Each structure stands twice: as structure tokens, then as C-alpha cells.
Participant: 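Here you go, one structure.
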Amino acid sequence: MDKKAMYKLSYGLFVLTTKVGDKDNGCITNTAIQVTTEPNQIAFAVNKLNYTHDMLMESKVFNISILSEDASFDVFKRFGFQSGREVDKFADYEGPGASGMYDVSANGITYIKDGTNAFISGNVEQTVDLGTHTLFICAVTDMEVLSDVPSATYAYYQDNIKPKPADIAVGEKVGTLEKNENDKGVTIWRCTICGYEYEGEELPEDFICPWCKHPASDFEKVTR
């Protein structure tokens, strides 16, 4: 069985945001789809390790901001490579206003303007337990187009947004591995989703990427 066949499926990229109390939070997801038009419903899956998952289970209200080809890697780092349990993802992020990176929609939830072309607001109607993930089936309550820039696909992210390993300076810490010119013959496992690197001859079968929360099956073996 060739697991790479799954890579042939097409994916968009989105920032899912929600709020509980005074806490705004968001994460990157690549699974949002429209499932019905009458009534208008969308669905998306969220890894249970994400703090946004727990918040959405409580709040039941959200925005999905659709990332465009204008999105920078900084957006992915802000919302995909750190946990809202440990940091405020909206800290030092220019807030509501004409030039702001994000704003607040009618449902009281933030939506991202930085590198996006639209947002969709909704309420959670049903959830399905998928083991590592929860599938949220939701009613659309509002939506707005922000720009005409094409939506970023996962393939576009890989080819045009995510830095290539050669672009990362020698000595920069990537994942668990401190890169330097003396690292010859070192075996690493690189996440094909976000680029996180794990050093070791074998990657544990139950390993979860600490950045994008994808499983070991999304890692490729690389020998320097």
C-alpha cells in the first residue's frame, strides 16, 4: 500500500478561531469543506491535542478564515507552531482597524485578515469522535469575502510558502535538531506538513508532531 496516495487529495488551508471568556485562540486546519447548501453547513476535523479543540467544544461558536496565496509563513508559525495553552497567539498582532491583521465579526469571534481571502462564521451543531480528532459539523451563520487572491492549497504551501531546508541558516534550531556543518550522516525524520525535524534512527510509531500535530505517517526519513 502506497500511503503517499493520500497526498493526491486536494486540501485548502484555514485558521480556525474561537473564544472562551476573555481568551481568543486559533489553530491551522486543512479539512474545512462545505457539506450541504440547504441548510448551509460546513465540516472540519480538529486534533484533540489542540487547545482550540477544547475551547470549541465549550464555546460551540467559531470563525474559519481561508488562507490565500498572500499568506506568509509567519501566519503558519503563529497559529500552527505554538500552543494557546502556553502563549497568547494574538499578542503583538495588530488588532482591529483598517490596517489590522485581524478583526472581530458579528458573533464576537476574531477572524484573520492577514493573508486570507474570506471568513465563514458558524455554530457547532454536531460532533463525531474520530479517535485522535473530532469532526465538527456546523451551521453557517455569516460569511464575507475579503480579497480576490486565490486560496492557498496545501500543495501551494509546500512549494511557495514553507521555507526549504536549504533556506534555513546553519546553526538554527529546527525541531529537536541543532543544525551545524558537522552534522554529517545524521538520520532525521522531517514532517512533510510543517518541516519539524526529529533526530534518531527510528521514529516512534505513535509520534505526534509538536508543531502541526500530524502523526508519524506524515514524516519522511532524511540522512544528512
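Computed from heavy atoms alone, side chains included, the values below leave out hydrogens, waters and symmetry copies. Worth saying up front: this structure is predicted, and the values here are computed from it rather than measured.
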Participant: Under 4.5 Å between any side-chain heavy atoms of Ile208 and Leu49, yes or no?
Facilitator: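 Contact flag for Ile208/Leu49 side chains = yes.
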Participant: Would you mind reporting whether Gln34 and Asn40 have side-chain heavy atoms less than 4.5 Å apart?
Facilitator: yes
Participant: Taking the side chain as every heavy atom from C-beta outward, state whether Leu16 and Val46 have any atom pair closer than 4.5 Å.
Facilitator: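 Yes, their side chains come closer than 4.5 Å.
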Participant: Is the side chain of Trp189 donor-acceptor paired with the backbone N or O of Gly200 at a distance under 3.5 Å, no angle test?
Facilitator: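 Checked: pair present.
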Participant: Is there a donor-acceptor pair under 3.5 Å between the side chain of Lys60 and the backbone N or O of Met57?
Facilitator: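 Yes; judged by distance alone, with no hydrogens or angles, the pair exists.
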Participant: Salt bridge check, Arg190 against Asp218: does any charged N sit closer than 4.0 Å to a carboxylate O?
Facilitator: no
Participant: Nearest 0.5 Å, what's the OG-CD distance between Ser217 and Glu205?
Facilitator: 11.0 Å
Participant: Could you check, using the six-membered ring where one of them is a Trp, whether Tyr198 and Phe207 have ring centers closer than 6.0 angstrom?
Facilitator: yes
Participant: Start with the C-alpha distance between Ser59 and Thr18, add both sets of side-chain angles, then the distance that settles side chain to side chain donor-acceptor pair (under 3.5 Å), and finish with yes or no.
Facilitator: CA-CA 7 Å; Ser59 72; Thr18 190; 2.6 Å; yes
Participant: Decide yes or no on side-chain contact (heavy atoms from CB on, under 4.5 Å) for Phe79 and Phe14, but give the supporting numbers first.
Facilitator: CA-CA 10 Å; Phe79 292 102; Phe14 316 91; over 6 Å; no
Participant: Using the ring centroid of each side chain, check whether Phe90 and Tyr102 are separated by less than 6.0 Å.
Facilitator: yes
Participant: State, with a plain yes or no, whether a side-chain heavy atom of Thr17 is found less than 4.5 Å away from one of Asp24.
Facilitator: no
Participant: Are the side chains of Lys23 and Met55 in touch, meaning some heavy atoms are under 4.5 Å apart?
Facilitator: yes
Participant: Roughly how far apart are Ile188 CD1 and Lys221 NZ, rounded to 0.5 Å?
Facilitator: 11.5 Å
Participant: First locate atom OG of Ser72, then atom CG of Asp114, and finally report the distance between them rounded to the nearest 0.5 Å.
Facilitator: 5.5 Å
Participant: Checking Met143 against Phe119 for the side-chain contact (heavy atoms from CB on, under 4.5 Å) test, could you report, in this order, the C-alpha distance in whole Å, the side-chain angles of both residues, the deciding distance, and whether it holds?
Facilitator: CA-CA 6 Å; Met143 60 186 110; Phe119 75 88; over 6 Å; no
Participant: If only atom types and distance count, is the side chain of Thr153 paired as donor or acceptor with the main-chain N or O of Tyr156 below 3.5 Å?
Facilitator: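 Checking the backbone N and O of Tyr156 against the side chain of Thr153, a donor-acceptor pair under 3.5 Å is found.
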Participant: Between NE2 of His53 and CD of Glu58, what distance do you get to the nearest 0.5 Å?
Facilitator: 12.5 Å
Participant: Starting from Met101, can I reach Ile161 by hopping between I/L/V/M/F/W/Y residues whose side chains sit under 4.5 Å apart?
Facilitator: yes
Participant: Examine distances only and state if a side-chain atom of Thr187 and a backbone atom of Glu201 form a donor-acceptor pair shorter than 3.5 Å.
Facilitator: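 Here the side-chain-to-backbone pair does not exist.
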Participant: Is Asp22 atom CG crowded by more than 12 heavy atoms from other residues, nucleotides or ligands, each under 6.0 Å away?
Facilitator: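 It does not: Asp22 CG has 12 such atoms or fewer within range.
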Participant: Would you confirm whether Ser83, through its side chain, and Arg85, through its main-chain N or O, come within 3.5 Å as a donor-acceptor pair?
Facilitator: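 Confirmed, Ser83 side chain pairs with Arg85 backbone.
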Participant: Verify the cluster assignment for Leu135 and Ile42: are they in a single hydrophobic cluster under the rule of side-chain heavy atoms below 4.5 Å apart?
Facilitator: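 Cluster IDs for Leu135 and Ile42 differ.
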Participant: Return the OG to OH distance between Ser10 and Tyr154, rounded to the nearest 0.5 Å.
Facilitator: 13.0 Å
Participant: If we ignore hydrogens and angles and just use 3.5 Å, is the side chain of Asn107 paired with the main-chain N or O of Phe62 as donor and acceptor?
Facilitator: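 Yes, Asn107 side chain to Phe62 backbone: donor-acceptor pair under 3.5 Å.
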Participant: Give a yes or no on whether the backbone of Asp103 and the side-chain of Thr110 come within a donor-acceptor separation of less than 3.5 Å.
Facilitator: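 No, the answer is negative, given that no donor and acceptor are paired below the 3.5 Å cut-off.
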Participant: Is there a path from Leu67 to Ile112 through hydrophobic residues (I, L, V, M, F, W, Y) whose side chains come within less than 4.5 Å of each other?
Facilitator: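 Yes.
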Participant: Show the numbers, then the answer: is there a side-chain contact (heavy atoms from CB on, under 4.5 Å) between Phe44 and Ile33?
Facilitator: CA-CA 7 Å; Phe44 48 85; Ile33 58 171; over 6 Å; no
Participant: Can you tell if the side chain of Phe73 reaches within under 4.5 Å of the side chain of Lys162, non-hydrogen atoms only?
Facilitator: yes
Participant: Are the side chain of Lys89 and the backbone N or O of Gln82 linked by a donor-acceptor pair below 3.5 Å?
Facilitator: yes
Participant: Evaluate the ring planes of Phe76 and Tyr157, with Trp represented by its six-membered ring, and classify them as parallel (under 30°), tilted (30 to 60°) or perpendicular (over 60°).
Facilitator: tilted
Participant: Do you know which of Thr29, Asn47, Asn25 makes side-chain hydrogen bond (donor to acceptor under 3.5 Å, both in side chains) with Thr52?
Facilitator: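 Between Thr52 and the candidates, side-chain hydrogen bond (donor to acceptor under 3.5 Å, both in side chains) is satisfied uniquely by Asn25.
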Participant: Would you name the heavy atoms of Asp142 and Ala106 that are closest together and state the gap between them?
Facilitator: OD2-CB, 4.5 Å
Participant: If only atom types and distance count, is the side chain of Ser68 paired as donor or acceptor with the main-chain N or O of Val149 below 3.5 Å?
Facilitator: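 It does not hold such a pair.
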Participant: When you measure from the side chain of Lys48 to the backbone N and O of Thr134, does any donor-acceptor pair fall under 3.5 Å?
Facilitator: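 Such a contact is absent between Lys48 side chain and Thr134 backbone.
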Participant: Do the side chains of Glu199 and Val186 get nearer than 4.5 Å, heavy atoms only?
Facilitator: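 A side-chain contact exists here, since the closest heavy-atom pair is under 4.5 Å.
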Participant: Just so I know, are the side chains of Asn117 and Ile66 near enough to count as touching, which here means a heavy-atom distance under 4.5 Å?
Facilitator: yes
Participant: Take Ser105 and Asn63 through the side chain to side chain donor-acceptor pair (under 3.5 Å) test and state the conclusion after the steps.
Facilitator: CA-CA 8 Å; Ser105 61; Asn63 284 329; 2.9 Å; yes
Participant: Kindly indicate, with the supporting measurements, whether the criterion side-chain contact (heavy atoms from CB on, under 4.5 Å) is fulfilled by Ser99 and Glu94.
Facilitator: CA-CA 8 Å; Ser99 61; Glu94 189 176 349; 2.8 Å; yes
Participant: How long is the span from the OH atom in Tyr111 to the CD1 atom in Ile120, to the nearest 0.5 Å?
Facilitator: 13.5 Å
